Chemist: 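To start, I am sharing the structure in question, which I have written as structure tokens.
The first residue of the sequence shown is numbered 1, and numbering continues consecutively from there. In this text the structure is predicted, and so the values were computed from the model without any measurement.
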Amino acid sequence: MVDDTADDGTTHTAGGGAGDGARYAAQARADDLADDVTAAALREDTEDVTAQNSWPDSAARARLHFVSGKGGTGKSTVAAALALTLAADGKRVLLVECEGRQGIAQLFDSPPLPPTDTRIATSEGGGEVWALAIDIEHALLEYLDMFYNLGFAGRAMKRIGAIDFVTTVAPGLRDVLITGKVKERIIATDKKGTRVYDAVVVDSPPTGRIGSFLDVTKAMADLAKSGPIRNQSEGVARLLHSEETVIHLVTLLEAMPITETIEAVDELRGKDLHIGSLIINRVNPIHLPADSIDDIAEGHIDAATVAKGLTAVGIDASESDFAGLLTETIEHASRLQAQQVAKAQLDEVEVPTLELPTLGDGIDLGGLYELANLLQKAGA
């Protein structure tokens with residue numbers, strides 16, 4: 001039995017049998033329509049947020065892309081999406097993780113990655129994304145063997161547990177090992193002399209540490225005055241300061257991420273490093289008239305007009321539901337107002353910006369490909 005209340009307040013009761021079947025079919029059609037409307041709204045939201053996106057020429061020319069951002073801004077997600085984007089049209093891209101969190105494996109729903117190149121995804125046009133989770137112990141052993149022919153010494157250090165001690169006492173060495181490994185992979189060639197990778201994307205340390213991480217020259221000046229490691233570090237420094245390398249900064253339109261991003265821009269510029277794009281993640285769609293946002297955020301909302309609009313599209317909300325809708329509208333306007341203030345701060349930085357929307361279903365592998373598609377449309 002299903003109760004149905006008419007517009008005049010009277011209640012009509014439908015019996016079972018064929019009546020129920022018709023009612024359920026009608027409800028199913030209504031649900032399908034709601035799903036279609038929701039999907040269309042999400043597409044419109046995405047188009048609205050990304051309408052002004054463009055990829056800077058400096059990023060288009062680069063082969064090495066570092067992606068940094070304050071923790072929680074989605075930098076790992078953006079790095080993964082960028083790798084998928086750059087792998088379009090049959091290209092081969094390496095996605096590097098250097099913080100030991102196995103975040104890439106989680107994003108691509110794959111087993112934990114070994115410290116060697118592993119294929120994890122394909123992209124449009126037959127491209128491939130490979131991943132490398134850099135392991136400091138593995139990198140140090142490789143380094144000692146490659147530059148000093150001291151593989152035996154490294155193995156001895158491993159047996160007595162000295163590797164963690166060494167990299168902790170000399171934290172700059174950790175960054176040297178990571179950036180050195182990145183350089184090795186981006187210049188790697190196959191037997192025919194062809195570059196193994198068209199591009200390398202690095203899921204980098206957060207903005208609070210990105211400057212010191214990339215400042216290899218200073219780190220090595222503190223560790224070695226001469227020798228193979230010094231020579232290698234100088235080669236890495238040349239690569240990082242060349243036009244082949246750009247740093248993308250991921251932020252949210254919130255106070256703390258904005259502050260750290262602005263500070264990171266100043267620091268990176270001071271070190272003569274090239275900034276590619278400032279990527280604003282999880283941007284809320286507007287939904288409201290731009291000239292009314294401030295008034296609505298202050299609680300000035302025309303309830304009668306809202307009620308009339310709901311009635312016009314066939315929505316009959318209860319008094320409590322309507323009050324809740326008005327409250328959510330005011331809260332949404334407040335968030336938009338805060339976004340506008342934050343965006344104004346970023347405008348002063350004078351870095352090319354690109355906006356990515358909040359995805360309704362969160363981030364899974366499908367969401368990664370959706371973000372990659374948006375980056376590709378922007379020219380990446």
Chemist: Working to the nearest 0.5 Å, report the span between CG of Leu268 and CG of Leu249.
Modeler: 6.0 Å
Chemist: Does any N or O in the side chain of Thr245 come within less than 3.5 Å of the main-chain N or O of Leu64, such that one atom is a donor and the other an acceptor?
Modeler: no
Chemist: Could you pull out the closest heavy-atom pair between Pro285 and Leu336, with the gap in Å?
Modeler: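 Closest pair (atom of Pro285, atom of Leu336, distance): O-CD2, 3.7 Å.
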Chemist: Could you check if a side-chain atom of Ile286 sits within less than 4.5 angstrom of a side-chain atom of Ile293, using non-hydrogen atoms only?
Modeler: yes
Chemist: So, Ser123 side chain and Leu84 main chain: donor-acceptor pair closer than 3.5 Å or not?
Modeler: yes
Chemist: Give me the atom names and distance for the closest heavy-atom approach of His241 to Asp272.
Modeler: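 Minimum heavy-atom separation between His241 and Asp272: CD2-O, 3.2 Å.
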Chemist: Compare all side-chain heavy atoms of Ile280 with those of Lys343 and state whether any distance is below 4.5 angstrom.
Modeler: yes
Chemist: Counting C-beta onward and ignoring hydrogens, is there a side-chain heavy-atom pair between Arg269 and Ile275 closer than 4.5 Å?
Modeler: yes
Chemist: Do Trp130 and Val196 come close enough that some side-chain heavy atom pair is under 4.5 Å?
Modeler: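 A side-chain contact under 4.5 Å is absent here.
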Chemist: Working to the nearest 0.5 Å, report the span between OG of Ser204 and CG of Leu214.
Modeler: 6.5 Å
Chemist: Could you report the tightest heavy-atom contact between Pro115 and Asp135, atom names first, then the distance?
Modeler: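 Closest approach of Pro115 to Asp135, heavy atoms only: CB-CB, 3.8 Å.
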Chemist: Could you walk me through whether Leu239 and Ile187 satisfy the side-chain contact (heavy atoms from CB on, under 4.5 Å) test, starting with their C-alpha distance in whole Å, then the side-chain angles of each, then the deciding distance to 0.1 Å, before giving a yes or no?
Modeler: CA-CA 10 Å; Leu239 171 65; Ile187 66 174; 5.5 Å; no
Chemist: Heavy-atom count check: over 12 atoms from other residues, nucleotides or ligands less than 6.0 Å from Asp109 CG?
Modeler: no
Chemist: For Asp89, which residues count as a side-chain hydrogen bond (donor to acceptor under 3.5 Å, both in side chains) partner, sequence neighbours excluded?
Modeler: none
Chemist: What pairs with Asp266 under side chain to side chain contact (heavy atoms under 4.5 Å, CB included), at least two apart in sequence or on another chain?
Modeler: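 With sequence neighbours excluded, Asp266 shows a side chain to side chain contact (heavy atoms under 4.5 Å, CB included) to Ile262, given in chain and number order.
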Chemist: When Ser76 is tested against each of Arg101, Gln106, Glu97 for side-chain hydrogen bond (donor to acceptor under 3.5 Å, both in side chains), which residue passes?
Modeler: Arg101
Chemist: Is the closest basic N to carboxylate O distance between Asp203 and Lys75 below 4.0 Å?
Modeler: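 Yes, charged N to carboxylate O under 4.0 Å.
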Chemist: Only one of Val246, Val201, Leu240 passes side chain to side chain contact (heavy atoms under 4.5 Å, CB included) with Phe66; say which it is.
Modeler: Leu240
Chemist: Does any non-hydrogen side-chain atom of Glu350 lie less than 4.5 Å from one of Val265?
Modeler: no
Chemist: Under a 4.5 Å cut-off applied to non-hydrogen side-chain atoms, are Thr73 and Asn281 in contact?
Modeler: no
Chemist: OG1 of Thr85 to CG of Leu368: how many Å apart, nearest 0.5 Å?
Modeler: 10.0 Å
Chemist: Of the non-hydrogen atoms in Thr353 and Ser277, which two are nearest, and what is the gap between them?
Modeler: C-OG, 4.3 Å
Chemist: Which class fits the ring pair His248 and His65: parallel under 30°, tilted 30 to 60°, perpendicular over 60°?
Modeler: parallel
Chemist: What's the separation between atom OG1 in Thr116 and atom CG in Leu132, rounded to the nearest 0.5 Å?
Modeler: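 Thr116 atom OG1 to Leu132 atom CG measures 7.5 Å (nearest 0.5 Å).
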Chemist: Evaluate the side-chain proximity of Phe108 to Leu95: yes if any heavy-atom separation is below 4.5 Å, no if none is.
Modeler: yes
Chemist: Looking only at non-hydrogen atoms, find the nearest pair between Glu260 and Gly208 and report the distance.
Modeler: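 Heavy-atom minimum between the residues: OE1-N, 3.9 Å.
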